[in-house]
Visitor: 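Sharing a structure, written as structure tokens. Questions coming.
Residue numbers start from 1 in every chain, and the chains themselves are labelled A, B, ... in the order their sequence lines are given, proteins ahead of strands. As the structure is a computational prediction, the values presented were derived from the model and not from experiment.
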Amino acid sequence: MNGTKLDKTLNVIFYIFAAGFSLLCLYPFLLVVISSFTDEVTLQQNGYSLFPEKFSIAAYEAIFNTSTIPVAYLVTIFVAVVGTFLSLVLTSTAAYALSGRRLYYATPIALFFYFTMLFSGGMVSSYILVTKYLHLQNTIWVYILPSLLAPWNMFLMRNFFNEIPAGLFEAAKIEGAGELKILTRIVLPLSLPALATIGLFYALAYWSSWTPAMLYIDNPKLFSLQYIIMQIIRNIDMAQTIAVNGVPQGTTPVAPAYTVRLATAMVTVGPIIFLYPYLQRYFVGGLKVGAIKG
Amino acid sequence: MASRKAAGAEPGRQRLIRHKGLRDLIMNRYLYLLVLPAVLFSIVFAYLPLVGLAIAFQDFNPIKGIFGSKFIGLDNFKFFFRGHDWLIITGNTVMFNLMFIVTGTICALTIAIVLTELGKNLFVRTMQSVMILPNFISWPIVGLFSVAFFTADTGVINRFLSSLSFGTIDFYTDAKVWPFIFVLLNIWKTAGFGAIVYMAAIVGIDKEMYEAARIDGATRMQSIFRITLPMLKSTIVMLFLLSLGGIFGGNLEMVYSLVGDNSFLYQTTDTIDTYVFRSLRTAGSLGMSQAVSLYQSVVGFILVVLANKLAKKVDEDSAIF
């Protein structure tokens, strides 16, 4: 009797704990969404609030009336789409070749990739390689090429491929299919959860990328969204420029510089939040595949 | 399997080539071709930069290049280890990572246990989705969000403090508060996602044990502490040890997004990565930055190998290599 009563109390406590932590996770998003729709003067006088006195869409108008953010959006979408595609090609071909321990040299090759996760030549070397030898500075490829392959993702995918019954490959081989055909016609269609999970990891990494812009890019037309975020966090001038140029003269008493910053954050996380519910069911399944070992 | 079958189809050639590896290279040439692009990529972007580690021992001059600059032995290292900076950035790096590992493990574990105890319904699943969401938000965005909380006059925290008539905190000049903020934000961002691994491990525990315990009159708390936690012990120990290997690793994204180049806060926020990143962008000595990178790589490598050895001792199957 006493035990079940205690269990019920415990259930309530667990619910309160879980709900509390969820609210903590959600609160910053809500605060920033609502603040980005707040009138600039209200924000400056009353501070950030979930229940502002006066709403305004001036910040979003400013963002879409000037070219900085839309151009950065295009750059970021290009980087994320092309980068994710190329990364998945490179990752899945390597993962397929190393799966199933078919190759005599599979273990040394795996170690060759694993070592790159443990030991790096440092930022200075990468900088010299990219600028002096590959001449990627001030091109959009500097976001993509240096981060095409994440060995961890490759091992994750290989472990997934390992689970596919070898009999399937052999049957296809007897029918005369080449390795590339087996990969594209049999293995990849069977591995959609893994592709979705790993594609999501790559896409997020490209979407979040800002260090290449900071180190290698001077041309404002090639800035990524996240780099613009990094700049406007501490430098109000940039947001001020967007706010002043984006809002028609005389429509607002104050240029919406602070709300432009928040609105920029919202348009940057927007795609992630919208795609999130569709992708989530994949990655929870895909993650169970396990880590590097295999 | 596949290669043996294929080998059977070409018995003549198999007999001609004695060397096992060479035979495999020819037999499976298309598979090797498939792995080749990734190998070439790694050679260019991961192995070639290793040559640049030589810069650590040079008075590096970008115009003369790696092969023309003067060799100065360990001078870069001597310079770095003579000052106090190396103690500060090493201490901060190790301390942050240790705190992240310990608090992250505890929180992820608690969330995993609480969520599994609550069972599966739409509400619980929604809560889990919300908890995982911060993991997908980049640090620059978190940095921008954090401004809403920490700004001196309009920030949420200071308005809350002043409404209770406590004094306000000037976050961007107060070095003491940042280690706590890093820990809290790290929990916020990673705990929900980290719980996935533990939840998968809990699902794997034999249900009959709980059933038997319940019949014997065990309370739910007892089930958690006497069954769930002991059964998770090896998973916890493993993940803990393996993450120990990374305690020399960087938190560049996090630290730089949250505080940037704020010299008021270096004492408590500067890490090895931010130190190198800063000297790369300002007119610092590239030779010395590279010496710091090499120091980080070597110690980090040793730690990974040690952690892996320890992990192997605890559980043969859990070691990575």
Visitor: Looking at B:Ile66, B:Leu50, B:Leu118, which one has more heavy-atom pairs under 4.5 Å with chain A than the rest?
Guide: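 Result: the option with the highest number of such pairs is B:Leu118.
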
Visitor: Given the options B:Ser138, B:Ser146, B:Gly52, which has more heavy-atom pairs under 4.5 Å with chain A than any of the others?
Guide: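 So the answer, after comparing B:Ser138, B:Ser146, B:Gly52, is B:Ser138.
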
Visitor: Measuring only between side-chain heavy atoms, which start at C-beta, is B:Leu34 closer than 4.5 Å to A:Tyr96?
Guide: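 Of all side-chain heavy-atom pairs linking A:Tyr96 with B:Leu34, at least one is under 4.5 Å.
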
Visitor: Is it the side chain or the backbone of B:Met199 that comes within 4.5 Å of chain A heavy atoms, both, or neither?
Guide: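 Answer is neither: B:Met199 stays 4.5 Å or more from chain A.
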
Visitor: Between A:Phe115 and B:Phe301, what is the ring plane arrangement, given parallel below 30°, perpendicular above 60°, and tilted in between?
Guide: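 Correct class here is perpendicular.
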
Visitor: Between chain A and each of B:Ile113, B:Val259, B:Thr126, count heavy-atom pairs under 4.5 Å; write down the option with the most.
Guide: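 Maximum pair count with chain A is reached by B:Val259.
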
Visitor: When heavy-atom pairs shorter than 4.5 Å are enumerated against chain B, which of A:Leu43, A:Ile13, A:Leu145 gives the highest number?
Guide: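 Top count of heavy-atom pairs under 4.5 Å with chain B: A:Leu145.
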
Visitor: Taking A:Tyr227, A:Phe113, A:Tyr127 one by one, which has the highest count of heavy-atom pairs under 4.5 Å against chain B?
Guide: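 Highest number of heavy-atom pairs under 4.5 Å: A:Phe113.
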
Visitor: Against chain A, label B:Val142 side chain, backbone, both or neither, depending on which of its atoms sit under 4.5 Å from a heavy atom there.
Guide: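 Interface part for B:Val142: neither.
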
Visitor: Using heavy-atom distances under 4.5 Å, tell me whether B:Phe45 contacts chain A through its side chain, its backbone, both, or neither.
Guide: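 The answer is both parts of B:Phe45.
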
Visitor: Considering only heavy atoms and a distance below 4.5 Å, find which of A:Trp207, A:Phe17, A:Phe119 pairs most often with chain B.
Guide: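 Looking at each of A:Trp207, A:Phe17, A:Phe119 in turn, A:Phe119 comes out on top.
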
Visitor: In terms of heavy-atom pairs under 4.5 Å, which option from B:Leu48, B:Leu133, B:Val156 contacts chain A the most?
Guide: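 Most pairs with chain A among the choices: B:Leu133.
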
Visitor: For B:Leu144 and A:Ile233, work out which heavy atoms get closest and say how close.
Guide: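 Smallest interatomic distance, heavy atoms only, reads N-CD1, 3.7 Å.
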
Visitor: Looking at A:Leu148, A:Leu262, A:Leu26, which has the largest count of heavy-atom pairs under 4.5 Å with chain B?
Guide: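 Of the options given, most contacts go to A:Leu148.
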
Visitor: Tell me, side chain or backbone of B:Val51 under 4.5 Å from chain A's heavy atoms, or both, or neither?
Guide: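 No part of it gets close to chain A.
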
Visitor: Any heavy-atom pair between the side chains of B:Val304 and A:Met117 that's under 4.5 Å?
Guide: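 The answer is no; the side chains never approach within 4.5 Å.
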
Visitor: Any chance the side chains of A:Trp210 and B:Glu253 put a donor and an acceptor closer than 3.5 Å?
Guide: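 Present: a donor and an acceptor within the cut-off.
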
Visitor: So A:Phe112 and B:Tyr47, would you call those rings parallel, tilted or perpendicular, with 30° and 60° as cut-offs?
Guide: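 Aromatic pair A:Phe112/B:Tyr47 classed parallel.
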
Visitor: Which heavy atom in B:Leu31 sits nearest to a heavy atom in A:Ala97, and how many Å separate them?
Guide: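 The answer is O-CB, 3.3 Å.
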
Visitor: Work out which heavy atom in A:Val124 is nearest to a heavy atom in B:Gln290; give both atom names and the distance.
Guide: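 Closest heavy-atom pair between A:Val124 and B:Gln290: CB-OE1, 3.4 Å.
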
Visitor: Rounded to the nearest 0.5 Å, how far does CZ of A:Phe21 lie from CD1 of B:Ile111?
Guide: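 Result: 4.0 Å between the selected atoms.
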
Visitor: Out of A:Ser120, A:Ala19, A:Ser35, which one racks up the most heavy-atom pairs below 4.5 Å with chain B?
Guide: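 Counting heavy-atom pairs under 4.5 Å, the top option is A:Ser120.
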
Visitor: At a heavy-atom separation under 4.5 Å, does B:Ala218 approach chain A through its side chain, its backbone, both, or neither?
Guide: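 Neither part, no heavy atoms under 4.5 Å.
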
Visitor: How close do B:Pro140 and A:Ile229 get, counting heavy atoms only, and between which atoms?
Guide: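 Nearest heavy atoms, B:Pro140 then A:Ile229: O-CG2, 3.6 Å.
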
Visitor: Would you confirm whether B:Tyr32, through its side chain, and A:Tyr105, through its main-chain N or O, come within 3.5 Å as a donor-acceptor pair?
Guide: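 At least one qualifying donor-acceptor pair exists.
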
Visitor: Between B:Gly260, B:Ser129, B:Gly287, which shows the greatest number of heavy-atom pairs under 4.5 Å with chain A?
Guide: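 The candidate making the most pairs under 4.5 Å is B:Ser129.
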
Visitor: Is it the side chain or the backbone of A:Leu225 that comes within 4.5 Å of chain B heavy atoms, both, or neither?
Guide: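 Looking at A:Leu225, nothing touches chain B.
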
Visitor: Look at the rings of B:Phe149 and A:Tyr27 and say which category their plane angle falls in: under 30° parallel, 30 to 60° tilted, over 60° perpendicular.
Guide: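 It falls in the perpendicular class, over 60°.
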
Visitor: Which answer fits A:Leu103, side chain, backbone, both or neither, if we ask what part of it has an atom under 4.5 Å from a heavy atom of chain B?
Guide: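 Both parts, backbone and side chain.
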
Visitor: Would you give the length of the straight line joining atom OG1 of A:Thr211 to atom CG of B:Leu252, rounded to the nearest 0.5 angstrom?
Guide: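 Atom-to-atom, A:Thr211:OG1 and B:Leu252:CG are 7.0 Å apart.
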
Visitor: Where on B:Leu184 is there a heavy atom nearer than 4.5 Å to chain A: the side chain, the backbone, both, or neither?
Guide: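 Neither part.
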
Visitor: If you look at every heavy atom in B:Ser42 and A:Leu149, which pair is closest and at what distance?
Guide: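 Between these two residues, the closest heavy atoms are OG-CD2, 3.9 Å.
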
Visitor: Looking only at heavy atoms, which two atoms of B:Ser293 and A:Met123 are closest? And how far apart?
Guide: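 Taking every non-hydrogen atom into account, OG-N, 4.0 Å.
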
Visitor: From B:Leu115 CG over to A:Ser22 OG, what is the distance, rounded to the nearest 0.5 angstrom?
Guide: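 B:Leu115 atom CG to A:Ser22 atom OG measures 7.5 Å (nearest 0.5 Å).
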
Visitor: Please round to the nearest 0.5 Å and tell me the distance separating atom CD1 of B:Ile137 and atom CD1 of A:Ile272.
Guide: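 Between B:Ile137 CD1 and A:Ile272 CD1, I get 5.0 Å after rounding to 0.5 Å.
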
Visitor: Among A:Val130, A:Ile128, A:Leu215, single out the residue with the greatest number of heavy-atom pairs under 4.5 Å to chain B.
Guide: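 The option with the most such pairs is A:Leu215.
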
Visitor: So for B:Tyr256, is it side chain, backbone, both, or neither that comes closer than 4.5 Å to the heavy atoms of chain A?
Guide: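 For B:Tyr256, backbone and side chain are both near chain A.
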
Visitor: The test is side chain to side chain contact (heavy atoms under 4.5 Å, CB included); show your working for A:Asn11 and B:Glu117 and say whether it passes.
Guide: CA-CA 8 Å; A:Asn11 224 16; B:Glu117 288 291 320; 5.7 Å; no

Visitor: Apply the test side chain to side chain contact (heavy atoms under 4.5 Å, CB included) to residues B:Leu33 and A:Glu179: give CA-CA distance (whole Å), side-chain angles for both, the deciding distance (0.1 Å), then the verdict.
Guide: CA-CA 10 Å; B:Leu33 262 170; A:Glu179 299 290 359; over 6 Å; no

Visitor: Side chains of A:Gln226 and B:Trp139: does their closest heavy-atom pair fall under 4.5 Å?
Guide: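 No, their side chains stay 4.5 Å or more apart.
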
Visitor: If you count heavy-atom pairs within less than 4.5 Å of chain A, which of B:Ala46, B:Gly119, B:Cys107, B:Pro134 leads?
Guide: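 Result: the option with the highest number of such pairs is B:Pro134.
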
Visitor: What I'd like to find out is whether the side chain of B:Arg23 reaches to under 4.5 Å of the side chain of A:Tyr104, using heavy atoms alone.
Guide: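 No; the side chains remain at least 4.5 Å from each other.
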
Visitor: For A:Leu31 and B:Phe145, run side chain to side chain contact (heavy atoms under 4.5 Å, CB included): C-alpha distance rounded to whole Å, both residues' side-chain angles, the deciding distance at 0.1 Å, then the answer.
Guide: CA-CA 9 Å; A:Leu31 188 70; B:Phe145 280 13; over 6 Å; no

